Amino acid sequence: MITLTPTQIKGLKLAKDGDLYPQEGKRWTHLNATVTYARTDRFKERPLKIKFLTTATVEELRNNGLLQTLNSDVESNISPHGITMAGKMWLLKHK
């Protein structure tokens, strides 16, 4: 049984939405992530921040088997990461 911190759970949910790519400053997020606006905001005045993970959180999730590297030819700190079936099952059991 794997117990995750709230930060790791948010990171796993972010990985479920799409593959994670390394960015500057030891952060991981979706490829071409941009600042978006609230759907209900007609005038686009309130930007929503880009969600990201730290490298430490990505490594913890990978060590638990919930994330995997997508390109095995490159080092794991450069390769994009995707969620594994175990990660998807963990999210289903622990909503």
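We use all heavy atoms of the structure for the numbers below, so side chains are in, but hydrogens, waters and symmetry mates are not. None of the values given here were measured: they were computed from a predicted structure. When a residue number appears, it is its place in the shown sequence, counting from 1.
- We find the CG-CH2 distance between Asn64 and Trp90 to be 10.0 Å, quoted to the nearest 0.5 Å.
- Across Arg62, Lys10, Gln8, a single residue satisfies side-chain contact (heavy atoms from CB on, under 4.5 Å) together with Thr57, and that is Gln8.
- The distance from the CD1 atom of Ile9 to the NE2 atom of His94 is 8.5 Å, given to the nearest 0.5 Å.
- Nearest heavy-atom pair, Ser79 versus Leu70, reported as atom, atom and distance to 0.1 Å: OG-N, 3.6 Å.
- By the criterion of side-chain heavy atoms lying less than 4.5 angstrom apart, applied directly or through intervening Ile, Leu, Val, Met, Phe, Trp or Tyr residues, Phe52 is not grouped with Leu61; the two fall into different hydrophobic clusters.
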* Asked: Would Leu31 and Asp19 satisfy side chain to side chain contact (heavy atoms under 4.5 Å, CB included), going step by step from the backbone distance to the final call?
  -> CA-CA 8 Å; Leu31 188 63; Asp19 297 335; over 6 Å; no
* Asked: For Leu92 and Lys88, what are the C-alpha separation, side-chain angles and deciding distance, and is it a side chain to side chain contact (heavy atoms under 4.5 Å, CB included)?
  -> CA-CA 6 Å; Leu92 283 174; Lys88 292 177 184 178; 5.6 Å; no
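- The CG atom of Leu66 sits 8.0 Å away from atom CG of Leu91, with the distance rounded to the nearest 0.5 Å.
- Atom CD1 of Ile78 sits about 12.5 Å away from atom CG of Asp73, to the nearest 0.5 Å.
- Annotation: ring-ring contact (aromatic ring centres under 6.0 Å, His included) contacts involving residues 5-34, sequence neighbours excluded, comprise Trp28-His81.
- Here the closest heavy-atom approach between residue Ser76 and residue Thr69 is recorded as CB-CG2, 3.8 Å.
- Rounding to the nearest 0.5 Å places CG of Leu14 at 9.5 Å from CG of Leu67.
- No more than 12 heavy atoms of other residues, nucleotides or ligands lie within 6.0 Å of CZ in Arg27, so this atom counts as exposed by the packing criterion.
- Atom CD1 of residue Ile2 and atom NZ of residue Lys93 lie 10.0 Å apart, to the nearest 0.5 angstrom.
- Nearest approach of Ala86 to Gly65, heavy atoms of both residues: CB-O, 3.8 Å.
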